[in-house]
Every structure is written in structure tokens, then in C-alpha cells.
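See below for the structure under consideration.
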Number of protein chains: 2
Amino acid sequence: MLRARTPAAKDERRQALLKAALDEFFDRGFTAARMDDIARRAGLSKGALYLYFDSKDALFIALIETVAAPNVEKVEHLAAAAPSATAALHALTGFMPHLIRETPLPRVVKVLLADAGAFPDVVRRYRSQVIDRVLAAIAAVLERGKRSGELAVDDPKLTARLVVAPVLLSAIWSVVFEIDPEARVDLDALFALHKKMLLHALAANPDAAK
Amino acid sequence: MLRARTPAAKDERRQALLKAALDEFFDRGFTAARMDDIARRAGLSKGALYLYFDSKDALFIALIETVAAPNVEKVEHLAAAAPSATAALHALTGFMPHLIRETPLPRVVKVLLADAGAFPDVVRRYRSQVIDRVLAAIAAVLERGKRSGELAVDDPKLTARLVVAPVLLSAIWSVVFEIDPEARVDLDALFALHKKMLLHALAANPDAAK
DNA sequence: CTTATATAACTGACTGGTCAGTTATATAAG
DNA sequence: CTTATATAACTGACCAGTCAGTTATATAAG
């Protein structure tokens with residue numbers, strides 16, 4: 001293996017190791033995954049892996065903390081930048097199929113859930129720094145729709161959970177149950193329907209919704 | 001340990017072992033869970049455990065296949081026995097808090113998801129014999145509401161997924177993120193809201209929609 | 001443009017501990 | 001005495017983490 005001498009090259013190698021770790025943790029679970037296999041998958045020896053990460057735990061933690069952040073910012077941006085609450089819901093539901101199909105996020109979520117028991121503080125951080133922020137962003141959209149008269153919302157925080165629920169369902173489905181293509185779901189159709197039903201359910205005045 | 005000689009006593013012991021296995025698999029994951037600990041938790045030695053289950057894999061498979069079935073039947077019954085589609089949705093959403101708080105199902109789901117990679121055929125069976133049946137029962141309720149003119153439903157199978165989504169969310173939430181009581185969610189309120197929004201979204205009366 | 005020296009990236013054999021599954025032995029019950 | 005149930009000591013495979021040694025690369029000296 002060519003050596004990584006510059007900081008940039010080392011960072012690249014770190015990324016490759018994280019990707020390899022995700023692949024192995026996802027396929028075999030944290031405990032069954034072998035450090036040797038992770039290293040080999042990234043084209044390195046086990047010893048070299050330990051130059052980049054102190055331990056298997058440290059590798060796991062780095063993996064979880066790395067992947068979610070950019071998507072949280074994307075969601076917060078979509079929620080805040082839209083011209084109206086309705087437009088925000090449109091943008092968010094439109095983004096979900098991409099998030100689920102093209103992002104490592106669903107696999108990371110599965111890995112996190114799988115080994116939650118062994119890493120309670122990672123779970124706590126994830127909840128406060130990822131999930132709570134996403135729920136807050138959506139609740140803010142709903143509040144905004146309520147204030148502007150666009151939407152009828154009783155409990156924005158609780159409603160936000162219902163808005164998010166299909167995202168978790170689709171994420172889990174796509175990485176766990178969609179092994180055989182027979183089980184494939186049309187995410188564009190699913191989230192289009194979700195949006196439509198949400199807007200019906202939250203329509204501000206029932207007589208003249210549209 | 002006193003010997004279990006009658007078939008009933010042996011069955012009781014099997015149940016105790018399955019319960020102990022769920023506890024250990026849930027806490028530590030399949031690979032990290034120790035057969036010795038599972039046996040001890042059920043008040044037996046490891047050797048005795050092997051009198052009841054051939055291998056760790058067999059124990060895992062038995063666990064997954066045992067727990068879901070009665071709940072599937074309960075859901076199918078609730079869906080079919082209700083006098084109307086609206087009543088069925090009422091009964092189903094009312095049942096969910098109990099299902100999540102008082103049955104082992106959420107923990108079994110978490111265990112299944114966690115080690116899905118190692119048991120692809122268990123996952124496939126679970127999908128076809130548990131999930132698909134539940135989705136079909138809900139789709140049937142929606143179809144029924146459509147035919148009777150109670151509900152406006154375009155795509156019952158896709159809609160059924162959206163009906164189920166909050167159940168998975170709550171199940172995962174309750175067993176993974178609800179470690180600290182601060183994060184506790186009021187499931188009765190959540191599913192009451194879900195029902196309300198569903199009925200709004202699917203309201204048949206077309207002078208309000210479109 | 002060599003060649004020598006220094007450095008840090010990298011390797012893989014090894015160790016200590018763990019654990020699934022087996023088996024020799026013990027004992028309760030008929 | 002015989003059989004079914006249970007135990008705990010045992011075995012063999014496996015793997016995280018370590019470390020003594022190897023090698024690619026940078027740079028200084030000739």
C-alpha cells in the first residue's frame with residue numbers, strides 16, 4: 001500500500017476505513033465484525049487501522065458521529081428556507097427518497113439501533129444532537145403554518161413525530177426487508193402520498209381546503 | 001434445579017429460556033450474548049440449555065418465530081371484527097399503546113433488526129408471515145371503507161404503510177431512545193392524534209377535499 | 001544527480017482471554 | 001436398576017489489541 005503522508009491523504013484513508021467499518025458493522029453487527037476484515041476492506045493491515053483508531057469502540061463511535069450531521073443541516077435548511085409551511089413540507093417529503101436511497105444514513109441508523117445497548121451514551125448524543133434537532137425543525141415548520149393560518153395544528157411536537165415516522169419505516173425497510181426485489185417500495189409514491197395526506201389532515205379550514 | 005419431567009413442565013422451561021434469551025439478545029446483541037448467561041438467567045446450566053435448543057442459532061430463530069404470531073392474530077381480529085372501517089381504525093390505534101408498552105414485541109423487533117444480516121431467511125419469513133399479513137389486514141380495512149363510502153383511499157397498500165409507520169417509530173423509540181425518562185412519549189396521545197389525522201386525511205366527503 | 005540517513009507508515013505473527021458446543025459424571029424419579 | 005434430566009469441567013476455534021521488525025518516502029550531504 002502506498003503511504004499516506006499528507007494530512008489530506010490521511011484523512012482520505014480515515015474515510016476509507018469508516019466506509020469499510022460501516023460495511024462490516026452493517027453486514028455482521030458490531031461484535032461479529034472483525035478488525036482485520038475492516039482493515040483489509042480498506043486495503044490496509046490491521047496494525048495500520050490501529051494507527052487511525054484507538055479501538056473497535058472508537059471506530060464505531062466515530063462512524064455514528066460522522067454520518068448524520070450533514071443531513072441534519074440539510075433538513076434544517078430545507079425547513080427554514082422554504083417560503084411557506086406548505087412549501088417546506090413539500091421540500092422535505094421530496095428530499096426523503098433521496099436520503100433513503102442515496103445516503104449511507106439508513107445503514108448507519110440500522111447499525112446504531114442494532115448495538116444501542118452497548119453504547120448508551122452514543123445513543124443519547126444521537127438523540128439530542130440528531131433526532132431532537134430534526135423534530136424541532138419540523139415542529140417549527142408546523143408552528144409557522146399555524147401562525148400564518150396555513151395549517152391547523154394542535155400539538156406541533158407530537159405531530160412532528162408522525163411526520164417523521166414514514167422516514168424511519170422506509171429507512172428500516174430499505175436496508176432490512178428489501179433484500180429481495182419483490183419487496184421493493186416506490187418511495188416517490190409513498191412520500192407523495194404522505195405529503196398529500198398530511199396536507200389534508202392539517203388543512204386549516206375544512207370547508208375550503210383547496 | 002428440580003427436574004422438569006412432564007411435557008407441561010418442559011414447555012414452561014422452554015418459555016423461561018426464550019424469555020431469558022430475549023433479555024440477553026436485547027441487551028447485548030446476538031453475538032455478544034453468552035449461552036451461559038442465558039441459561040443462568042433461566043436458572044439452569046449451559047448444558048441443560050442444550051437439551052432444549054440445538055444451538056444458539058436455533059434459539060434465536062425460535063425466539064423470533066414465537067413472539068409475533070399471537071399479536072398478528074389479534075390485529076387481524078381487531079381489523080375484521082369492527083362494525084365499520086372507522087371503528088376498525090379506532091380499535092387498532094387504541095390497541096397500539098398496549099402493544100408497545102406491555103408486550104415483548106418491540107424488543108423482539110429490535111433484536112430481529114439488529115441481527116437481520118446473519119439470518120436472512122428468518123427476516124424473509126418474518127416479512128411474509130408477520131408484516132405482510134398486518135399490512136394486508138390494514139389494506140383490507142381501507143378497501144372496506146372505500147367500498148362503503150366511509151373513506152377516500154387511492155392506494156390502500158401504500159396507505160397501509162403510512163398507517164403502520166408510527167407503530168414502528170414508537171416501538172423503536174420505546175426500546176432504544178427512551179432510556180432516560182426525559183425522552184418518554186405519551187403513546188395514548190400520539191395514537192389518538194394519529195387516528196384523528198388519518199380520519200381527516202381520508203375523509204370521504206369530497207366537498208372538503210379537492 | 002546520487003547516496004546516506006532519518007522518519008513515520010505499515011505489516012503480520014503472537015498473546016491472552018473469551019465462548020459455543022461437548023462430555024463425563026451426578027442424581028432424581030419410576 | 002434404568003432412564004431422563006441436569007451439571008460443570010473441558011476443548012478448540014476465534015479475535016482484539018500489541019509490538020518488533022520492514023519499507024516507502026522525504027530530505028540532507030556529497
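Just so it is clear: chains get the letters A, B, ... in the order the sequence lines come, proteins before strands, and each one is counted from 1.
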*To the nearest 0.5 angstrom, please state how far the NZ atom of A:K196 sits from the OG1 atom of A:T93.*
13.5 Å
How many Å lie between [atom1] on [X] and [atom2] on [N], as a whole number?
X: A:D37; N: C:dG12; atom1: CG; atom2: P; value: 14 Å
X: A:R40; N: D:dC15; atom1: CZ; atom2: C1'; value: 14 Å
X: A:D36; N: D:dA13; atom1: CG; atom2: C1'; value: 16 Å
X: B:L49; N: D:dA6; atom1: CG; atom2: C1'; value: 12 Å
X: A:I38; N: D:dG17; atom1: CD1; atom2: C1'; value: 13 Å
X: A:M35; N: D:dT18; atom1: CE; atom2: P; value: 10 Å

*Please confirm whether the backbone N or O of A:E182 pairs with a side-chain atom of A:D180, one donor and one acceptor, at under 3.5 Å?*
no
*asked:* A quick test of your reading: do over 12 heavy atoms of other residues, nucleotides or ligands sit less than 6.0 Å from CG of B:D54?
replied: no
*So is B:R184 actually on top of B:W173's ring, under 6.0 Å and inside 45° of the axis?*
no
*Does NZ or CZ of B:R107 lie under 6.0 Å from the centre of the six-membered ring of B:F26, at an angle within 45° of the ring axis?*
yes
*Hey, would you say the A:F119 and A:F30 ring centroids sit under 6.0 Å apart?*
yes
Regarding [X], tell me which of base, sugar-phosphate or nothing describes its non-hydrogen contacts under 4.0 Å with the strands shown.
X: A:A9; value: nothing
X: A:A39; value: nothing
X: A:K10; value: sugar-phosphate

*Between D:dA6, C:dA9, D:dA16, spot the one nearest the side chain of A:R3, thanks.*
C:dA9
*Picking from D:dA6, C:dG12, D:dA8, which would you name as closest to the side chain of B:R13?*
D:dA6
Any ion pair linking [Y] and [X] (charged N to carboxylate O, less than 4.0 Å)?
X: B:R40; Y: B:E24; value: no
X: B:D23; Y: B:K19; value: yes
X: A:E143; Y: A:K157; value: no

*Bracket string, DNA chain D, 5' to 3' - pairs by Watson-Crick or G-U geometry under 3.5 Å, | interstrand*: ||||||||||||||||||||||||||||||
*Pair of N/O donor and acceptor under 3.5 Å linking C:dT18 base with B:R34 side chain*: no
*Kindly indicate whether the side chain of B:K46 and the base of D:dA8 share any N or O donor-acceptor pair separated by less than 3.5 Å?*
no
*Which parts of residues 50-64 of chain A get close to DNA chain D, meaning a heavy atom less than 4.0 angstrom away?*
A:Y50, A:S55, A:K56
_Does D:dC15 have OP1 or OP2 under 4.0 Å away from a side-chain N or O of A:R28?_
no
